[in-house]
2 protein chains.
Amino acid sequence: MAETQGPDADAGSDVPVGMAPALRRPLDQMRILRAAVEFIDTNGLSKLTMRRLGAHLGVEAMALYRYVPGREQLLDGVVEVVMDQLYETTMAGGFSTSWQEYLQMQAHAVRTLALEHPRIFPLVATRPAAAPWLRPPLRSLRWVEDFLRGLREYGFSPVASVVVYRSFATFLLGALLLEAGTLEDLTITDRVNLAFIETDELSAYPIITEMAEQLKDGGYATEFEDALEGLIERVAELRS
Amino acid sequence: MAETQGPDADAGSDVPVGMAPALRRPLDQMRILRAAVEFIDTNGLSKLTMRRLGAHLGVEAMALYRYVPGREQLLDGVVEVVMDQLYETTMAGGFSTSWQEYLQMQAHAVRTLALEHPRIFPLVATRPAAAPWLRPPLRSLRWVEDFLRGLREYGFSPVASVVVYRSFATFLLGALLLEAGTLEDLTITDRVNLAFIETDELSAYPIITEMAEQLKDGGYATEFEDALEGLIERVAELRS
DNA sequence: ACCTGAACACCGTTCAAGT
DNA sequence: ACCTGAACACCGTTCAAGT
């Protein structure tokens with residue numbers, strides 16, 4: 001939570017001589033991007049301004065422009081950082097014994113990421129991707145490369161692999177953008193207006209009123225699993 | 001395109017006396033919201049400011065605040081206006097003879113709306129809904145009421161109706177947010193940076209390079225139909 | 001009743017200047 | 001080499017003032 005540090009390979013071991021142990025080592029792009037991720041996670045995207053992010057890093061806003069071309073590109077960088085995180089947790093992990101298991105594991109990795117960063121996931125989901133054939137949220141070239149190779153190894157034809165990639169992305173986008181949206185509201189609310197509907201207004205909708213209980217039941221987790229099952233069955237037909 | 005007018009019931013017939021045929025009748029909320037829809041459609045959300053919208057209406061920005069509490073609520077209103085459009089085209093239309101046909105027709109109506117307003121659909125899809133159990137993009141109370149009643153009439157149980165509503169919304173969100181995103185880019189591009197990937201960078205990804213042709217094939221339309229078919233089959237099992 | 005002018009606190013971004 | 005101060009052109013929003 002406090003610091004995303006670790007025994008990383010650029011911090012402690014080989015401090016360049018002459019670079020005194022300053023209280024604040026100079027900025028660099030990665031540090032800015034990670035600070036931005038942290039900032040959005042805790043304060044929400046709408047609060048992120050260049051000036052506030054600078055302050056968060058103990059620096060004036062103008063200093064950021066030496067490492068980042070502008071706010072839009074900063075947000076692109078935030079998306080990349082988060083996707084890299086997905087790549088590492090998912091591709092480093094052990095092998096799967098079947099394509100079904102493989103899809104399950106990838107789906108859950110993306111879901112975990114979406115729930116860990118509910119305020120960033122909308123960015124991953126809706127920012128224009130680097131190429132028109134990339135499908136958010138599965139938008140990292142490395143990731144797609146490995147995913148397609150993975151499917152190939154499980155015996156999918158090239159055409160089938162692409163179809164699977166697309167329907168997988170569509171499924172994750174729909175399911176997780178909704179679920180992340182509900183989490184977003186539970187933390188600090190960006191906007192409180194209209195958050196709930198007046199009871200008297202509701203009475204104009206008898207069916208909704210009658211079904212209030214069923215509608216309120218959350219159940220996102222099992223819903224995700226069921227839809228994933230459905231997708232896998234559809235893919236199985238496609239493969240035969 | 002130019003004017004969303006028609007023989008509407010507040011324009012010509014009963015002009016209040018004393019209200020001279022001024023070149024610009026006074027503002028009203030609906031006029032502002034419709035102007036905002038038009039503005040986003042042609043210029044994109046990021047260009048919409050209170051000041052520019054005022055100018056578009058021949059008025060200073062401050063005048064808008066008499067009819068709209070602020071920018072956020074203006075955007076909420078834009079979403080509502082667009083959803084009302086959906087309600088009218090979809091619920092006024094004739095009856096369907098089967099629930100399959102009913103779902104098909106509703107799905108295509110939402111798709112048409114998304115493709116007509118590709119720059120507004122992301123708002124419909126991602127703005128927090130009025131209640132946590134509403135699922136964007138199917139977020140209008142009237143619409144949900146009629147949809148649930150429709151399913152009920154086709155013999156779905158209350159629980160099943162809710163499950164169908166949810167998976168239907170998830171499906172539409174994933175499929176159409178992606179498709180709308182591609183249309184958005186084809187019109188005036190908000191941002192051109194990184195729009196396409198350098199060819200040399202691509203060569204680091206052999207599988208992607210090899211599958212370039214399959215990946216580039218658009219085919220959103222048939223993809224939508226296939227996924228819709230799949231959903232309907234899953235719903236059929238659920239119903240039995 | 002409806003709109004405007006002026007003002008406030010804030011943006012993103014540029015650029016010459018400081019150390 | 002790295003950061004800052006001052007400035008520019010813009011925001012959303014408030015409020016007293018105009019007609």
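Since the model is a prediction, treat every value here as computed from it, not as a measurement. Chain identifiers are assigned alphabetically (A, B, ...) following the order of the sequence lines, protein sequences preceding nucleic acid strands; residue numbering begins at 1 within each chain.
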Under 4.0 Å, heavy atoms only, any strand: does A:Arg71 hit a base, just the sugar-phosphate, or nothing?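 The residue A:Arg71 makes sugar-phosphate contact but no base contact.
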
So what does B:Met62 hit on the nucleic acid, given a heavy-atom distance under 4.0 Å: a base, only sugar-phosphate, or nothing?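 B:Met62: base contact, heavy atoms under 4.0 Å.
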
Between A:Arg66 and A:Ala61, name the one whose nearest nucleotide on DNA chain C is closer to the 5' end.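 Here A:Ala61 is the residue nearer the 5' end.
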
Where the side chain of B:Arg139 meets the backbone of B:Glu80, is there a donor-acceptor pair that is under 3.5 Å apart?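 No, B:Arg139 side chain to B:Glu80 backbone: no donor-acceptor pair under 3.5 Å.
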
Side chain of [X], heavy atoms from C-beta onward: which of [options] has the nearest atom to it?
X       : options               : value
B:Pro26 : D:dC11, C:dC2, C:dT13 : C:dC2
A:Val59 : C:dT4, D:dC11, D:dT4  : D:dT4
A:Met50 : C:dT13, D:dC3, C:dC3  : C:dT13
B:Arg51 : C:dC2, D:dC11, C:dG12 : D:dC11

Could you check how far [atom1] of [X] sits from [atom2] of [N], rounded to whole Å?
X       : N      : atom1 : atom2 : value
B:Leu75 : D:dG12 : CG    : P     : 10 Å
B:Leu53 : D:dC11 : CG    : C1'   : 14 Å
A:Glu72 : C:dT13 : CD    : P     : 8 Å
B:Arg52 : D:dG12 : CZ    : C1'   : 13 Å
B:Leu57 : C:dC3  : CG    : C1'   : 13 Å
A:Tyr65 : D:dA6  : OH    : P     : 18 Å
B:Leu64 : C:dC3  : CG    : C1'   : 11 Å
A:Glu60 : C:dA16 : CD    : P     : 19 Å

Just to be sure I follow the notation: if a pair is Watson-Crick (purine N1 to pyrimidine N3 plus N6-O4 or O6-N4) or a G-U wobble (N1-O2 and O6-N3), each under 3.5 Å, what dot-bracket string does DNA chain C give, with | for pairs to another strand? ||.|||||...|||||.||

Examine D:dC3: is either OP1 or OP2 under 4.0 Å from a nitrogen or oxygen in the side chain of A:Tyr67? Give yes or no.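 Yes.
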
May I have the step-by-step check of ring-ring contact (aromatic ring centres under 6.0 Å, His included) for A:Tyr87 and A:Phe147, ending in yes or no? CA-CA 10 Å; A:Tyr87 182 83; A:Phe147 185 77; over 10 Å; no

Tell me whether A:Arg111 forms a cation-pi arrangement with A:Phe224, defined as NZ or CZ under 6.0 Å from the six-membered ring centre and within 45 degrees of its axis.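 Yes; both conditions hold, so A:Arg111 lies above the ring face of A:Phe224.
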
Given side chains that start at C-beta, do those of B:Gln214 and A:Trp133 come closer than 4.5 Å, heavy atoms only?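 Contact flag for B:Gln214/A:Trp133 side chains = no.
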
Student check: side-chain heavy atoms of A:Glu116 and A:Phe121 closer than 4.5 Å: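 Of all side-chain heavy-atom pairs linking A:Phe121 with A:Glu116, none is under 4.5 Å.
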
Do the side chains of B:Glu179 and A:Arg135 get close enough for a salt bridge, i.e. N-O under 4.0 angstrom?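 Salt bridge: no.
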
Could A:Asp76 and A:Arg127 be called an ion pair, given the rule that one side-chain N must be under 4.0 Å from one carboxylate O?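 Yes, this pair counts.
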
